[in-house]
Every structure is written in C-alpha cells, then in structure tokens.
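Any value given below was found using the heavy atoms of this structure, including those in side chains, with hydrogens, waters and symmetry copies removed. Here, residue 1 is the first one in the sequence, and each next residue gets the next number. What you see is a predicted model, and the numbers here were worked out from it, not measured in a lab.
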Amino acid sequence: MSLDPQTSAPFPFKAVIFDMDGVIVDTEMFYCREFLALSEEVGMGLTEQEVFAQVGTSHQDFRRNIRRWYADIGRSYTEDEALAAFNAWSDGRPCDYASMLNPGVRETLGALRERGVRLALASSSQLANIKQVLNACGLLDFFEIIVSGEQFTESKPNPEIYLHTLSLLRLPASDCCCVEDSLPGITAGKAAGLTVFAKREDRFGFSQDAADAILDTVPDLLAIA
C-alpha cells in the first residue's frame, strides 16, 4: 500500500516507538557486508548465513560474537578488546548514514508529530551510534525519547527496552505501537504488549509473521486505522 504522508486521517495510537537500523535507516546490509569484508581480510571464514543471523541482534550479542570470531583466528581478546579491534578496523570504512535514510521516513515523522503523536526510538545500538545516525540524517529533534539497548543487561528480543520506553512515555502498551523489521525486535515488541508493525524485509531469511501487520514502506504506517 502507499499513502501520501501529508494525509490528515486520525492515527489510532498516542505514541510510536521506532527501531532504528532497518527501519529509519537501511544499514543492516551495509553492516553485513562489513562483517564479511573483515572476515575475508583476516581469515575468520564467516559465511553469509552466519552474518545474516546477526541482523536485529543486540549490541551485547555482537560483543560476544566479535570476541568469538577473533578467537577463532587465534586472537584471545576480551569483549572490550575485540570491540576495540573491530572499531579500529571499521574507522577506516565510514558509513554515509544520510544516504541510507529509508524513503519517506522524515515525512512520516513530521506527519505523525503534526497529529500530536508522540515519537520515541528504542534501538539495540549504542547510544553514541544512535545519535550519530540521527544527526547525520537530520532526525534527532523528532524524538522525544531515545533509548539504547546498551542500557540493559540484555536487549532485544528481551522486552525490557520497550517496557522501559513505555515507562518513560508514561503510557500503557495499548496506547502505543512500534515499528520493527527483525525477528528479535518483533519478539521484544510483542512481549512488551505492543502492537507491532514490521517494515517488510526479505533479504535476510527471517520471518516477520509474528508482527501484527507488515508495511511495505515506513509511510504506510500513516494508513493504519
């Protein structure tokens, strides 16, 4: 379905909580290609299937996995050391986040805000990365609340990140919805009691069937009745 984001139709939720990677910005494939490039460069032997399985997982999971990947090539790092090694490698390969902004996101956020819908963001990414991405895309000021998965012992699929965001909004889950793409995110949203809309994603092999509805594009959210 498609929709003019400027439509004035009423929106049935008081707040929308957005995921970031895959929903706001199409970064997941970029990250997967980076992991495969690192693997080829240092001999980790990662398969595309192994890398695609990381989509939507938490930063905590990434820390564990990057440590394991380095260990497999004989580098006995702590999680902090493994993350530092990866960051040092990736610093030379910058990501143009603005070019990865998904179509219609800015217009959708603006249309929701004009209707009095409150906007929050709950991402498993680190807070510094969240702000970097939103600043690069000129979207930081749209969000009343920003929550990072690094604030919790476990992020998605654990629902704590969404439960915490709801507590900051001071709204019940029935008054809110979330927009996700990955299975961990959909699982977390449903476990928190939210209505979950999934932005369609068919490149990585995971199911979105647990979502309440699948949206072809972010602006399709505005057609929800």
Side-chain angles (χ1 to χ4, degrees), residues 18-102 121-137 140 146-162 164 180-189 191 201-208:
F18 286 88
D19 177 43
M20 185 178 74
D21 293 297
V23 174
I24 300 295
V25 282
D26 185 23
T27 47
E28 299 287 19
M29 186 59 77
F30 172 83
Y31 293 143
C32 286
R33 288 171 177 157
E34 289 298 276
F35 298 153
L36 289 170
L38 172 66
S39 173
E40 182 175 357
E41 187 173 311
V42 302
M44 290 174 172
L46 298 177
T47 66
E48 186 176 89
Q49 184 177 9
E50 286 177 299
V51 170
F52 283 1
Q54 307 306 307
V55 173
T57 58
S58 69
H59 179 67
Q60 293 88 338
D61 284 333
F62 173 66
R63 287 172 59 92
R64 289 188 283 266
N65 287 331
I66 196 68
R67 179 187 182 187
R68 176 171 55 83
W69 295 343
Y70 276 120
D72 287 345
I73 58 170
R75 302 187 190 182
S76 299
Y77 292 149
T78 65
E79 286 185 8
D80 285 343
E81 290 169 341
L83 183 62
F86 174 77
N87 287 340
W89 177 84
S90 63
D91 282 347
R93 304 168 64 92
C95 179
D96 180 6
Y97 293 116
S99 72
M100 298 181 186
L101 181 64
N102 275 321
L121 188 141
S123 168
S124 291
S125 294
Q126 292 178 288
L127 184 59
N129 177 248
I130 293 170
K131 290 185 175 181
Q132 180 184 13
V133 172
L134 295 180
N135 272 318
C137 296
L140 186 61
I146 295 173
V147 181
S148 164
E150 70 177 338
Q151 298 172 229
F152 312 99
T153 302
E154 293 293 336
S155 187
K156 304 170 188 178
N158 189 304
E160 187 176 6
I161 186 171
Y162 277 124
H164 181 70
E180 277 286 352
D181 64 319
S182 69
L183 181 56
I186 294 168
T187 301
E201 177 56 79
D202 54 15
R203 293 172 294 179
F204 302 111
F206 52 69
S207 172
Q208 297 180 311

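- Ala98 approaches Ala136 most closely through the heavy-atom pair CB-O, 3.5 Å.
- Looking at Leu83 and Phe62, their side chains come closer than 4.5 Å, going by heavy atoms from C-beta outward.
- Counting heavy atoms of neighbouring residues, nucleotides and ligands inside a 6.0 Å radius, atom CD of Glu81 exceeds 12 of them.
- Atom CD of Glu180 sits about 10.5 Å away from atom CG of Asp21, to the nearest 0.5 Å.
- Across Ser148, Ser125, Ser124, a single residue satisfies side chain to side chain contact (heavy atoms under 4.5 Å, CB included) together with Ser155, and that is Ser124.
- The distance from atom OG of Ser123 to atom CD of Glu150, rounded to the nearest 0.5 Å, is 10.0 Å.
- Residues Phe52 and Phe206 keep their aromatic ring centres 6.0 Å or farther apart.
- Using a 4.5 Å heavy-atom threshold, the side chains of Phe152 and Ser58 count as separate.
- Heavy atoms from other residues, nucleotides or ligands lying under 6.0 Å from CD of Gln151 number more than 12.
- In plain terms, the two heavy atoms of Leu101 and Ile24 that are nearest each other are CD1-O, 3.4 Å.
- Rounding to the nearest 0.5 Å gives a distance of 9.5 Å between CD of Glu50 and CG of Leu36.
- Aromatic ring pairs are classed by plane angle as parallel below 30°, tilted from 30° to 60° and perpendicular above 60°; the pair Phe86 and Phe35 is tilted.
- Two residues are said to be in side-chain contact when any heavy atoms from C-beta on lie closer than 4.5 Å; Leu140 and Ile146 meet this criterion.
- Here the side chains of Thr27 and Val133 are not in contact, with every heavy-atom distance at 4.5 Å or above.
- Smallest separation of non-hydrogen atoms from Glu154 and Glu160: O-OE1, 4.5 Å.
- Looking at residues two or more places apart in sequence or on another chain, you find a side chain to side chain contact (heavy atoms under 4.5 Å, CB included) between Thr187 and Pro157, Leu183.
- Residue Val25 comes nearest to Tyr97 through the heavy atom pair CG1-O, 4.0 Å, listed as atom of the first residue, atom of the second, then distance.
- Taking 4.5 Å as the limit, every side-chain heavy atom of Lys156 sits out of range of all side-chain heavy atoms of Ile186.
- For the atom pair OG of Ser207 and CG of Asp202, the computed distance is 12.0 Å after rounding to the nearest 0.5 Å.
- Considering only heavy atoms from C-beta on, Glu41 comes within 4.5 Å of Trp89 through its side chain.
- Asp61 has its side chain within reach of Arg64: a pair of non-hydrogen atoms, C-beta onward, lies under 4.5 Å apart.
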Would you be so kind as to tabulate the donor-acceptor pairs closer than 3.5 Å made by side chains of residues 66-77, with sequence neighbours excluded?
unit_1, atom_1, unit_2, atom_2, d
Arg67, NE, Tyr77, O, 2.9
Arg68, NH2, Asn65, OD1, 3.0

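- In this structure, Met100 and Cys95 approach most closely via the heavy-atom pair CE-SG, 3.4 Å.
- Evaluation of the side chain to side chain contact (heavy atoms under 4.5 Å, CB included) rule for Arg203 yields Asp26, Met29, Glu201 as partners, not counting sequence neighbours.
- Within the 4.5 Å cutoff, no side-chain heavy atoms of His59 are placed close to those of Asn129.
- Taking all atoms of both residues into account, the shortest heavy-atom contact from Val147 to Ile130 is O-CD1, 4.0 Å.
- In this structure, CD in Glu28 is found 9.0 Å from CE in Met20, a value given to the nearest 0.5 Å.
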